[in-house]
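Values in this document were obtained by computation on a predicted structure and should not be read as measured data. Residue numbers start from 1 in every chain, and the chains themselves are labelled A, B, ... in the order their sequence lines are given, proteins ahead of strands.
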There are 2 protein chains.
Amino acid sequence: MAISATNGDRKAIVRQKNTDQIIRAAEEVYALKGFAGATMQEIADKADLPKANIHYYFKTKRALYVAVLEDIFKAWAEASTTFDNSDDPKKSLSDYITSKLQLSFDRPFGSKVWANEIIHGAPVLGDNLMDHLHDWEGEKAIQIAKWAEDGKILPVDPHYLLYMIWATTQHYADFDHQVRVLNGGKALSQSQRNEVTKTVCGIILRGVGFTDV
Amino acid sequence: MAISATNGDRKAIVRQKNTDQIIRAAEEVYALKGFAGATMQEIADKADLPKANIHYYFKTKRALYVAVLEDIFKAWAEASTTFDNSDDPKKSLSDYITSKLQLSFDRPFGSKVWANEIIHGAPVLGDNLMDHLHDWEGEKAIQIAKWAEDGKILPVDPHYLLYMIWATTQHYADFDHQVRVLNGGKALSQSQRNEVTKTVCGIILRGVGFTDV
DNA sequence: GTCTATAACGCGATAGAC
DNA sequence: GTCTATCGCGTTATAGAC
């Protein structure tokens, strides 16, 4: 009995490890090739496993893709906690922009998979996760609206402000190739990344009414 | 001879008409399915032509894709003339933002194909068109830098300001599905589009130092 | 749980009659 | 310039030995 449990544990650990490995590899391949352009063979090679094993852990190409998308959504939701329950819009907004930019610089693949999926009309995400996003965005918008009511920021439309922050920060992940080309073929250095953060925070904060930035 | 010329003209007209029809159809299919996900069959159906005819006009799937990308780049370059040779940053910037937003609202497919291509690392665009973009962006950046030197706007980094404008305006094309979901499942109305334009122009203009907007 | 071999299928591209 | 029929290849997914 003890041995059986141990074997079960060992198998569970192997399963967890392989699953993570596959999802990481898949995230990169789906990001760079799109859903249709990605091949199970390329994902298998990058995960350093035989192709058949990928199908053992994820029944279909589509199921693996869904797992990748859910993983990304989870990461984003966790990264946005800096935004919650704050009475200081200046700090909230700059912290949010800063952490979203960081995520774009450090983990661009997830953002790209998401962008691809939305561009194509969310054929796989379907309504469930999109409805979840709707609720989540609604909360943020209410908080921004409150700041405006309290006269802490100018009365900008909260939704369009949020889209602006998302679009601008995710641009550095999704369009990193273009950014690189326009930067003379070299990826942004750390000091350039800091300059981006400063510039974006500055424009947004002045944009919502702060004059001392 | 006259008849032969007439026949040649007629054929040229047919060729032009079919070519346009195919490019329009291809733009939509490539936007919604990605390069790999698109099928020549679907493009043919949407263009209302037999599949073999598509191959008659465009030798390969790739050649047709390149034609679509070039078409888009041309449209964007034409739409940015409002930006040139102006000493009035306030007017230049709002005109540019307004016309880019208009393009996103009215012709989202082109923007989506471009986004897809960049996300995947511009495997087809290659260096030619990207270098062209580099030059083009450089000119705009110089003009913005001049405004800053002359004290007409705050000394923001011109590149990151441009990326912000591109990202924000193209978001309404590339992520139109997400915008729609977050808007309760309905596309933005004309008055909402106007509100977007007002909000974006306001934030950007205040962001670069104008306090009277 | 791992891996090789292969079945089943869809797609890009073309040949060749009209 | 148009269209039908088809070839050949690459892909997903699985069967079955280990």
Which value, rounded to the nearest 0.5 Å, describes the distance between [X] atom [atom1] and [Y] atom [atom2]?
X      : Y      : atom1 : atom2 : value
A:L125 : A:L133 : CG    : CG    : 9.0 Å
B:S86  : B:Q143 : OG    : CD    : 6.5 Å
B:Y57  : B:L64  : OH    : CG    : 13.0 Å

Please classify the nucleic acid contact of [X] as base, sugar-phosphate, or nothing, using heavy-atom distances under 4.0 Å.
X     : result
B:K59 : sugar-phosphate
A:A36 : nothing
A:A38 : sugar-phosphate

From [atom1] of [X] over to [atom2] of [N], roughly how many Å is that when rounded to an integer?
X     : N      : atom1 : atom2 : result
B:F58 : C:dT14 : CZ    : P     : 15 Å
B:I54 : C:dG12 : CD1   : C1'   : 13 Å
B:H55 : C:dA13 : NE2   : C1'   : 5 Å
B:N53 : C:dT14 : CG    : P     : 15 Å
A:Y56 : C:dT4  : OH    : C1'   : 17 Å
B:Y65 : C:dG12 : OH    : P     : 14 Å

From A:R24, A:K17, A:Q16, residue fulfilling side-chain hydrogen bond (donor to acceptor under 3.5 Å, both in side chains) relative to A:D20 =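 Of the listed residues A:R24, A:K17, A:Q16, the side-chain hydrogen bond (donor to acceptor under 3.5 Å, both in side chains) partner of A:D20 is A:Q16.
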Between A:H120 and B:N116, is any side-chain donor less than 3.5 angstrom from a side-chain acceptor?
->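 Yes, side-chain donor-acceptor contact under 3.5 Å.
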Between the side chains of A:E117 and A:Y65, does any donor sit under 3.5 Å from an acceptor?
->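 Their side chains do contain a donor-acceptor pair, which is all the 3.5 Å distance test asks for.
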Start at the 5' end of DNA chain D and walk down; is the nucleotide closest to B:Y57 or to A:T60 reached first?
->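 The answer here is B:Y57.
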Along DNA chain D, 5' to 3', what are the outermost nucleotides having an atom less than 4.0 Å from a heavy atom of chain A?
->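 Reading along DNA chain D, I get D:dT11 to D:dT14.
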